[in-house]
Each structure stands twice: as C-alpha cells, then as structure tokens.
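We count ligands from 1, going down the list as the structure has it; atoms in each ligand are counted the same way.
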Amino acid sequence: MTTPLDTLLAAVRGCTLCAAHLPLGPRPVVQLAPTSRLVIIGQAPGSKVHASGVPWQDDSGERLRAWTGLDPATFYDPAQVALLPMGFCYPGAAGGADLPPRPECAPLWHARLLAALPARRLTLLVGMHAQRAYLGTARGTTLTAAVQAFAQAPAGRFPLPHPSWRSQGWMRRNPWFEQQVLPALRQAVRHSLA
Ligand code: SF4
C-alpha cells in the first residue's frame, strides 16, 4: 500500500525545482521512515555522494559515524535514522569548496518530511546551515561558539560541526569537543534509539 510518505518521497525524488543551478543535475539524496527517531540534518551531498546516491558515503560520513558511535547498519536503517540535508542535491563547487545547500530546498520539503517523523526524536544539526535553520543561530555566531553551547540547545537538538577534513584541525584546536561533546553526543544518540 502506498502511504502519504511514499507519495511525498516520490515527489522529492522527482523534484527539479532548482535544476538550472545544479551543475550535475537533480539527484535528491534523502533517507527517512515514519519511525526514524534520530534525524541528521546536514548540508548537501558532495560530488561523491551525488555519484553513488548513498548519503554520507564518503570520508565525512565515516567521521560522523565515528563521532556518533553508529555502525553503518544502524546509520543506513531508515526505520531508525533519517538523513535529511538542508539541500538534497549536489550544489556544485567553487574555489575548491562545495557551494552552500540550495536555499529553495529546505523551505520546500523539510516541514512536510519532518511532520512524518515521531514527535520525540533527536535531531543532529550538522554545520552552520542546519544550525541557523533549526537553532536560530545568529549569522555572526561562529560555529565553534554554537557547538560549544550544545548543552544549552533546546531539548532534542544537538549542534555539530560538519565532519569534513577541516574538522580534524578544528578538533585539535578545540579539544573540549572530543572530551565533552562527543561523550554527550554518543549518550544522546544511544538514548534516542533505545
Ligand atoms: S536541491 Fe532540493 S529543491 Fe533543488 S532540485 Fe534538488 S530536491 Fe529540488
């Protein structure tokens, strides 16, 4: 039987709204199910994920799984984990870095997709774009300050840096992340899935 969420996901996968801005064309990469109690809101797929169609199947995904303590089987089980970037398609790159998520995407799809999930859930906000959208983080706030204030985030929301290669240097400069944030993150993740 086709559910309303199946219909919505089919609409997402057929979306071409900002095709004119996507150098490799639309390929929305999303994972979720009505029972997903851990939601990971990232930025946008990179070119590797665009090619595979598998979310977080790259070095950043490896780091995110290490941070959260999630094994690949759990991470890729939509019954447990929703993977919902701020932009569902690869936005292209400039100056050696990926462009920001397309601004049309989250306003068009997120509210409807999130409404299909359990009310009690943990949402990991990975990177500044997700934190601005879901924590109201002010534009002048550094990512370091936003993550350092993780304990003050509203219940059910957890800010994280993007786990790109740059995060390794950032972690060396900010040892409190490994000492304080990661243990709290793993505990919150375990609790959300228990
Ligand atoms: S990025 Fe989002 S809005 Fe743009 S084509 Fe892909 S799914 Fe549609």
Side-chain angles (χ1 to χ4, degrees), residues 2-65 75-118 121-137 139 143 146 156-167:
T2 303
T3 68
L5 181 57
D6 293 333
T7 304
L8 182 56
L9 283 171
V12 168
R13 293 190 174 114
C15 180
T16 59
L17 179 70
C18 62
H21 301 281
L22 303 174
L24 302 183
R27 189 176 195 189
V29 181
V30 177
Q31 164 183 306
L32 85 165
T35 54
S36 315
R37 285 198 290 136
L38 175 63
V39 183
I40 300 177
I41 301 186
Q43 299 201 154
S47 57
K48 203 169 167 184
V49 169
H50 174 87
S52 69
V54 182
W56 293 103
Q57 194 187 50
D58 55 12
D59 291 345
S60 295
E62 290 290 328
R63 278 184 212 101
L64 184 59
R65 285 184 282 279
F75 188 87
Y76 286 115
D77 178 6
Q80 300 185 77
V81 179
L83 303 173
L84 193 73
M86 290 298 293
F88 297 165
C89 301
Y90 172 60
D98 284 355
L99 290 170
R102 286 302 310 169
E104 303 89 339
C105 197
L108 178 62
W109 295 116
H110 271 207
R112 285 181 281 168
L113 290 167
L114 290 170
L117 299 180
R121 58 185 187 252
L122 173 65
T123 303
L124 308 185
L125 300 166
V126 182
M128 286 306 299
H129 297 286
Q131 289 156 24
R132 282 185 191 136
Y134 289 102
L135 283 181
T137 306
R139 285 212 162 251
L143 181 130
R157 295 180 212 181
F158 205 117
L160 290 172
H162 192 279
S164 71
W165 61 271
R166 289 186 191 84
S167 66

Atom 6 (Fe) of ligand 1: the protein heavy-atom neighbour that sits closest, reported with distance to 0.1 Å
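Looking only at protein heavy atoms, the one closest to atom 6 (Fe) of ligand 1 is C89 SG, 2.3 Å.
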So which protein heavy atom does atom 2 (Fe) of ligand 1 come closest to, and at what separation?
C105 SG, 2.4 Å
Quick check: do [X] and [Y] have side-chain heavy atoms less than 4.5 Å from each other?
X: Y134; Y: T123; result: no
X: W109; Y: P28; result: no
X: H162; Y: M128; result: no

Short list, please: which atoms of ligand 1 are under 4.0 Å from a heavy atom of C15?
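The atoms of ligand 1 under 4.0 Å from a heavy atom of C15 are 3 (S), 5 (S), 7 (S), 8 (Fe).
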Using a distance threshold of 2.8 Å, state whether an N, O or S atom of C18 lies below it from atom 4 (Fe) of ligand 1.
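So C18 does bind atom 4 (Fe) of ligand 1 by this criterion.
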Evaluate the ring planes of Y90 and H50, with Trp represented by its six-membered ring, and classify them as parallel (under 30°), tilted (30 to 60°) or perpendicular (over 60°).
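Judged by the thresholds at 30° and 60°, the geometry between Y90 and H50 is tilted.
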